[in-house]
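Note: hydrogens, waters and symmetry copies are ignored here, and every other heavy atom, side chains too, is used. Numbered from 1 within each chain, the chains take letters A, B, ... in sequence-line order.
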Protein chains: 2
Amino acid sequence: MVRKTKEEAEVTRRHIIEAARRIFLECGVGRTSLEKIAAAAGVTRGAVYWHFKNKMELFFAMREEATLPLLDRVVFDEGDDDPLGGIERALLAIIHTLIDEPQTRETFEILIFKCEYVDELSPMMACTPGQFDFLQQLTDAYARAANKGQLRAVATPEAMAYDTFLFVGGLVRQWLSGAPDQRFRSGASAFIRSHIALRRA
Amino acid sequence: MVRKTKEEAEVTRRHIIEAARRIFLECGVGRTSLEKIAAAAGVTRGAVYWHFKNKMELFFAMREEATLPLLDRVVFDEGDDDPLGGIERALLAIIHTLIDEPQTRETFEILIFKCEYVDELSPMMACTPGQFDFLQQLTDAYARAANKGQLRAVATPEAMAYDTFLFVGGLVRQWLSGAPDQRFRSGASAFIRSHIALRRA
DNA sequence: GTATTTACATACATTCATGATTGTATAAAC
DNA sequence: GTTTATACAATCATGAATGTATGTAAATAC
């Protein structure tokens with residue numbers, strides 16, 4: 001056994017996380033054994049157990065590497081003089097993140113389709129704090145848009161924020177589902193623009 | 001062994017399906033053993049294997065009992081002289097189905113949160129034919145609403161249908177997630193009305 | 001009334017997956 | 001330069017879940 005330096009150990013840790021993401025995506029979290037992950041990472045289970053207490057801890061480690069930069073990274077500029085356009089750009093940016101960052105896309109696909117929300121994961125069914133923050137930022141942005149007269153007065157900024165929030169949730173899910181006809185992927189930008197157009201004054 | 005009549009056998013078959021739904025919901029499909037289901041149904045694994053080839057066949061049997069009557073049951077009256085109001089009523093009806101029919105609600109909660117879309121289930125990630133049909137019916141209903149001058153002209157009926165489809169998907173998911181603050185459940189009707197108000201002329 | 005199926009229960013064999021333990025060669029600490 | 005902690009590999013014991021095979025008593029067919 002050739003003992004590794006700290007840097008090398010960090011590399012194998014990342015290899016394990018990457019392998020876990022691949023196998024989770026292919027087999028589902030529940031059906032993935034640590035043996036499979038280890039093999040995919042080119043190590044033995046011993047290495048996996050050295051770096052992670054068990055499968056769940058590995059799962060959370062994978063999640064923390066890629067979950068933050070989707071909704072959480074969305075920024076709404078308070079000084080924007082086109083707040084409604086800013087919302088549209090933010091939604092488009094979310095889709096482009098899915099396109100540009102494979103590990104984020106794969107992680108979300110795992111979170112939505114490849115794991116069961118039971119026991120420790122059960123509380124994660126509901127919105128994460130980051131999602132609530134996104135909802136709050138949407139509300140604030142719509143309020144600024146209303147102040148600038150950009151919105152129809154048929155619904156409150158809060159109601160519009162909820163509508164957009166639910167729309168985005170549905171869109172991301174369908175986008176990730178990889179429907180054979182690709183209709184949600186090819187149409188995503190148009191759906192977003194229509195969604196925004198519906199509330200423009 | 002007291003052999004059962006055909007009617008009694010059908011009863012135990014239903015007991016098994018009901019037990020499966022309960023345990024799937026509690027433990028997730030992957031972590032549910034047929035032994036647990038059998039115990040919950042008051043039978044042995046022998047009975048389960050008699051009625052179903054394996055866990056997946058039982059899963060599909062459970063699904064077929066309750067999945068049809070949600071989106072698939074939605075009806076849009078072609079002769080309605082308030083098509084937009086008809087869409088709103090249809091969306092409200094979906095939520096009320098979730099409230100009124102526990103087994104439908106539980107089945108959808110299992111399908112969304114308690115199973116992994118892998119192997120045989122992988123194709124089910126995408127929209128089912130019933131969902132596409134719902135989308136098509138939405139498009140037709142919006143087209144009728146447009147013909148009656150009920151809609152703003154900022155988006156096509158098709159675009160509005162997609163927007164509503166994605167909104168409903170997001171809403172059902174959040175509704176089922178059982179967020180601790182219940183905000184999506186208590187606000188569902190208001191969200192639906194706002195959603196419709198946004199496209200009314 | 002006999003034969004045959006049915007509707008299960010029981011028992012068995014096999015296959016993973018897990019967690020713990022132990023071994024070990026080297027990097028790092030002193 | 002010795003000691004110790006590190007970064008794994010290898011082995012082991014255990015348990016859980018599955019599918020199958022067999023048993024069986026009563027319902028049903030004839």
Between [N] ([atom2]) and [X] ([atom1]): distance, integer Å:
X: F52(B); N: dA7(C); atom1: CZ; atom2: C1'; answer: 13 Å
X: W50(A); N: dA5(D); atom1: CH2; atom2: P; answer: 11 Å
X: L34(B); N: dA9(C); atom1: CG; atom2: P; answer: 14 Å
X: R45(A); N: dA10(D); atom1: CZ; atom2: P; answer: 12 Å
X: R14(B); N: dC8(C); atom1: CZ; atom2: C1'; answer: 19 Å
X: R31(A); N: dT18(D); atom1: CZ; atom2: P; answer: 11 Å
X: M56(B); N: dA17(D); atom1: CE; atom2: C1'; answer: 14 Å
X: Y49(A); N: dA10(D); atom1: OH; atom2: C1'; answer: 15 Å

Can you measure from [atom1] ([X]) to [atom2] ([Y]) and round to the nearest 0.5 angstrom?
X: D163(A); Y: L138(A); atom1: CG; atom2: CG; answer: 10.5 Å
X: K114(A); Y: L25(A); atom1: NZ; atom2: CG; answer: 6.0 Å
X: S122(B); Y: E26(A); atom1: OG; atom2: CD; answer: 10.5 Å
X: R45(B); Y: E35(B); atom1: CZ; atom2: CD; answer: 6.5 Å

According to a strict under-4.0 Å criterion, is H51(B) in side-chain N/O contact with OP1 or OP2 of dC8(C)?
-> yes
Is it true that a side-chain atom of R152(B) and a backbone atom of L198(A) form a donor plus acceptor pair closer than 3.5 Å? yes
Beyond-backbone contact of Q103(A) with R21(A), side-chain heavy atoms, under 4.5 angstrom: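 Yes. Closest side-chain heavy atoms under 4.5 Å.
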Review point. When you measure from the side chain of T12(A), which nucleotide among dG19(D), dG19(C), dC8(D) comes out closest?
Key: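 My answer, after comparing the listed nucleotides, is dC8(D).
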Testing dC8(D), dT18(D), dG19(D) for proximity to the side chain of S33(B), the answer is dT18(D)
- Divergence of helical axes at both termini of the helix from dG1(C)-dC30(D) to dC30(C)-dG1(D) - five pairs an end, 10° steps: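 Rounded value for the end-axis angle: 20°.
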Mind checking whether F165(B) and F134(B) have parallel, tilted or perpendicular rings, split at 30° and 60°? tilted
Contact class for T44(B) (heavy atom, under 4.0 Å): base, sugar-phosphate, or nothing? base
